[in-house]
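Everything quoted here is computed from the prediction, not taken from an experiment. Values below: every heavy atom of this structure, side chains too, minus hydrogens, waters and symmetry copies.
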Amino acid sequence: MSSLALTVLPFAPPTTAPADFSEETWWLSLIKALFIVLFLITSVIMALWVERRGLGRMQTRPGPNVAGPLGLFQAFADAVKLLFKEDIWTDKAEKFIYFLAPAISAFSAFMVLAVIPMGPNVNMFGRSTPLQLADTPIAVLYILAIASLGLYGTVLGGWSTRSTLPLLGSVRSAAQVISYELSMGLSLVSVFLVSGSMSTSEIVGAQYPVWWGFALLPAFIVYLISMVGEVNRLPFDLPEAEGELVAGHMTEYSSMKFGWYYLSEYINMFNVSAVATTVFFGGWHAPFGLSLIPGIDFNAGWWGLLWFTLKMWFFFSLMVWVRGTLLRFRYDQFMKLGWKVLIPISLVWLIIVAVLQGVRMWVTDSLLVITGGIVAIFLVIMIILWLADKPTKDEDEPAEAFDPFAGGYPIPPLPGQQLPPSPRAGREPVGVTTTAKAATDPKEDSDE
């Protein structure tokens with residue numbers, strides 16, 4: 001019977017069991033922790049090269065091509081520059097917090113990958129251990145908590161300098177991260193409902209035969225947009241906004257203190273990519289079709305690390321592509337997208353998934369019809385919300401006027417507001433006015 005089963009099914013599906021840490025030891029955990037640190041640092045070095053060369057190709061300009069062949073050593077040259085650059089300490093800064101802030105950002109960035117499964121159980125030095133440092137029943141909540149902790153590094157970095165522009169940049173970053181963490185968290189709740197767990201290894205195991213990125217497509221799209229806003233990348237890099245705030249919360253930092261912020265930004269790009277891979281893209285499971293190849297089990301052993309790395313780099317490349325394509329948003333547009341579009345969509349989709357999960361408890365037939373009906377209801381609700389968001393004023397009705405100098409300094413108008421007419425409007429050109437005045441009043445001209 002077993003031989004017949006092997007003939008009919010010559011491939012092995014990926015395991016759906018959670019990670020097994022029964023043979024874990026302290027030295028295996030230490031080895032995996034060191035591997036995560038080296039893996040992230042190496043990924044950042046390669047990311048700098050890929051992003052510069054990629055953006056150069058997309059924008060028809062040359063990328064870095066000086067240090068080493070094809071510019072491969074450019075990242076090492078940048079690291080050496082940061083190490084030997086003058087370390088500036090501002091006089092009015094809170095010295096301890098000024099030094100601690102970038103360390104908090106870097107520490108939080110390195111901690112996220114600790115609960116991300118990079119592969120199944122493998123044999124290391126005679127022991128069976130998963131390619132994962134640790135796992136808990138609330139691993140995804142741990143990721144969200146660590147991401148929130150990293151925000152303290154940004155806020156404290158801007159506040160500790162006792163400077164205006166860094167403080168404004170840190171406040172912008174706080175508002176941005178809080179806004180987009182809400183939509184990101186809501187998009188993950190639907191995954192918890194269908195997976196029945198918040199453990200990362202169990203979420204990966206539940207994604208067979210369909211990845212949640214396809215089954216929960218609206219939540220996946222919301223997460224993709226939110227993760228770009230979470231890591232302050234174009235078109236959402238408003239906390240830095242070089243044209244307005246110089247360089248945001250990092251303005252007063254130099255040398256390796258600036259380098260820690262720079263490193264944490266790129267590591268966070270890989271962190272959100274790793275979470276997207278784990279939660280929506282099947283984790284370390286092999287891509288579709290490879291499991292059907294007889295003779296090789298692409299879901300066993302160290303193969304999982306390869307698939308996980310390729311998927312993570314796919315999401316990183318997607319962010320590079322977006323940076324080279326889109327322009328920066330206005331801040332009010334950015335907040336409107338988060339609060340009025342992404343969060344309502346996430347809430348509506350969460351309700352739909354919850355209802356569908358409840359229906360599946362007592363209905364086993366015609367599940368496709370039920371799913372189609374719920375998706376149709378979702379689309380109708382989205383259309384109603386879109387129509388309700390349209391302005392109700394007539395086109396002929398004048399827009400609301402406001403005083404841009406009411407607060408003592410100029411403020412640009414918001415959507416729906418209109419600047420008052422310029423005091424220069426309707427005046428004659430200066431040259432014509434002067435000529436006419438001289439012709440009508442020659443006495444005044446002679447007195448001058």
Side-chain angles (χ1 to χ4, degrees), residues 14-15 17-51 72 75-76 79 103-136 139-140 142-143 145-147 149-150 199-205 231 256 259-260 262-279 281-286 297-317:
T15 177
D20 182 13
F21 291 91
S22 60
E23 299 184 22
E24 188 78 2
T25 62
W26 67 269
W27 51 269
L28 277 177
S29 298
L30 180 60
I31 291 174
K32 288 190 281 189
L34 293 175
F35 171 78
I36 289 175
V37 173
L38 295 176
F39 177 77
L40 287 174
I41 293 177
T42 305
S43 298
V44 169
I45 291 174
M46 291 302 300
L48 294 173
W49 180 79
V50 169
E51 183 174 21
L72 286 171
F76 295 99
I104 293 175
S105 294
F107 172 79
S108 303
F110 278 106
M111 291 296 292
V112 170
L113 238 62
V115 296
I116 298 294
M118 299 184 182
N121 276 57
V122 297
N123 189 357
M124 292 180 62
F125 306 104
R127 292 179 177 269
S128 175
T129 180
L131 294 178
Q132 183 178 1
L133 180 58
D135 192 17
T136 68
V140 180
Y142 161 84
I143 293 173
I146 289 294
L149 178 64
S199 166
T200 49
S201 62
E202 293 184 10
I203 290 175
V204 172
V231 296
M256 275 309 296
W260 286 118
Y262 194 67
L263 181 66
S264 62
E265 178 180 339
Y266 276 87
I267 291 179
N268 283 329
M269 292 177 64
F270 284 106
N271 287 337
V272 295
S273 300
V275 173
T277 299
T278 301
V279 176
F281 239 49
W284 50 264
H285 289 170
D297 187 1
F298 287 102
N299 287 301
W302 295 88
W303 282 104
L305 182 60
L306 174 64
W307 309 133
F308 174 83
T309 305
L310 291 177
K311 292 176 184 179
M312 185 179 67
W313 272 91
F314 166 76
F315 287 106
F316 175 84
S317 303

S.K.: For the pair F110 and I41, evaluate side-chain contact (heavy atoms from CB on, under 4.5 Å) and give the outcome as yes or no after the intermediate values.
M.R.: CA-CA 10 Å; F110 278 106; I41 293 177; 4.2 Å; yes

S.K.: Between the main-chain N or O of V115 and the side-chain N or O of T200, is there a donor-acceptor pair closer than 3.5 Å?
M.R.: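 Present.
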
S.K.: Could you check F125 against L28 for side-chain contact (heavy atoms from CB on, under 4.5 Å), going step by step and ending with a plain yes or no?
M.R.: CA-CA 9 Å; F125 306 104; L28 277 177; 4.2 Å; yes

S.K.: Would a 4.5 Å heavy-atom cut-off, applied to side chains only, mark V140 and T278 as touching?
M.R.: no

S.K.: Check whether the ring centres of F270 and Y266 lie less than 6.0 Å apart, and answer yes or no.
M.R.: no

S.K.: Closest heavy-atom contact between V204 and P117?
M.R.: CG2-CG, 3.8 Å

S.K.: Let's go through V112 and I267 carefully: what are the C-alpha distance in whole Å and the side-chain angles of both, what is the deciding distance for side-chain contact (heavy atoms from CB on, under 4.5 Å) to 0.1 Å, and is it a yes or a no?
M.R.: CA-CA 10 Å; V112 170; I267 291 179; over 6 Å; no

S.K.: For S108, which residues count as a side-chain hydrogen bond (donor to acceptor under 3.5 Å, both in side chains) partner, sequence neighbours excluded?
M.R.: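 Listed in chain order: nothing, the list is empty.
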
S.K.: Got a donor-acceptor contact below 3.5 angstrom from the K311 side chain to the W284 backbone?
M.R.: no

S.K.: Heavy atoms, side chains only, cut-off 4.5 Å: are F314 and T277 in contact?
M.R.: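 F314 does not reach T277 side chain to side chain.
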
S.K.: Taking C-beta and beyond as the side chain, do F35 and L131 meet within less than 4.5 Å on heavy atoms?
M.R.: no

S.K.: How close do S105 and S264 get, counting heavy atoms only, and between which atoms?
M.R.: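 Reported closest heavy-atom pair: O-CB, 3.7 Å.
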
S.K.: Rounded to the nearest 0.5 Å, what separation is found between the CE atom of M312 and the CG atom of L113?
M.R.: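 M312 CE to L113 CG: 7.0 Å, rounded to 0.5 Å.
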
S.K.: Quick one: which of K32, R127, Q132 gives a side chain to side chain donor-acceptor pair (under 3.5 Å) with E24?
M.R.: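 Considering K32, R127, Q132, a side chain to side chain donor-acceptor pair (under 3.5 Å) with E24 is found only for K32.
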
S.K.: Is it the case that over 12 heavy atoms from other parts of the model lie below 6.0 angstrom from the CZ atom of F107?
M.R.: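 No, CZ of F107 has 12 or fewer neighbouring heavy atoms, counting only those of other groups under 6.0 Å.
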
S.K.: Hey, what do you get for CD1 (I45) to CG (L72), rounding to the nearest 0.5 Å?
M.R.: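 Answer rounded to 0.5 Å: 11.5 Å.
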
S.K.: Got more than 12 heavy atoms from elsewhere within 6.0 Å of CH2, W26?
M.R.: no

S.K.: Specify the closest pair of heavy atoms between S29 and L133, including all atoms of both residues, with the distance to one decimal.
M.R.: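 Taking S29 first and L133 second, the nearest heavy atoms are O-CD1, 3.3 Å.
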
S.K.: So W313 and F316, would you call those rings parallel, tilted or perpendicular, with 30° and 60° as cut-offs?
M.R.: perpendicular

S.K.: Check A109 against L40 and note the closest heavy-atom contact, atom names and distance.
M.R.: O-CD1, 4.4 Å

S.K.: Answer yes or no: is there a donor N or O on one side and an acceptor on the other, between the side chain of E23 and the main chain of S128, under 3.5 Å?
M.R.: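 Checking the backbone N and O of S128 against the side chain of E23, a donor-acceptor pair under 3.5 Å is found.
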
S.K.: Specify the closest pair of heavy atoms between P120 and G304, including all atoms of both residues, with the distance to one decimal.
M.R.: CD-CA, 4.2 Å

S.K.: F315 and V275: side-chain contact (heavy atoms from CB on, under 4.5 Å), yes or no, with the steps?
M.R.: CA-CA 10 Å; F315 287 106; V275 173; over 6 Å; no

S.K.: Might you confirm whether atom CH2 of W260 has over 12 heavy atoms from other residues, nucleotides or ligands at distances under 6.0 Å?
M.R.: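 For W260, atom CH2 is not crowded (no more than 12 foreign heavy atoms under 6.0 Å).
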
S.K.: Report the distance from atom CG of N268 to atom CD1 of I146, rounding to the nearest 0.5 Å.
M.R.: 11.0 Å

S.K.: Side chains of E202 and D135: does their closest heavy-atom pair fall under 4.5 Å?
M.R.: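 Side-chain contact under 4.5 Å: no.
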
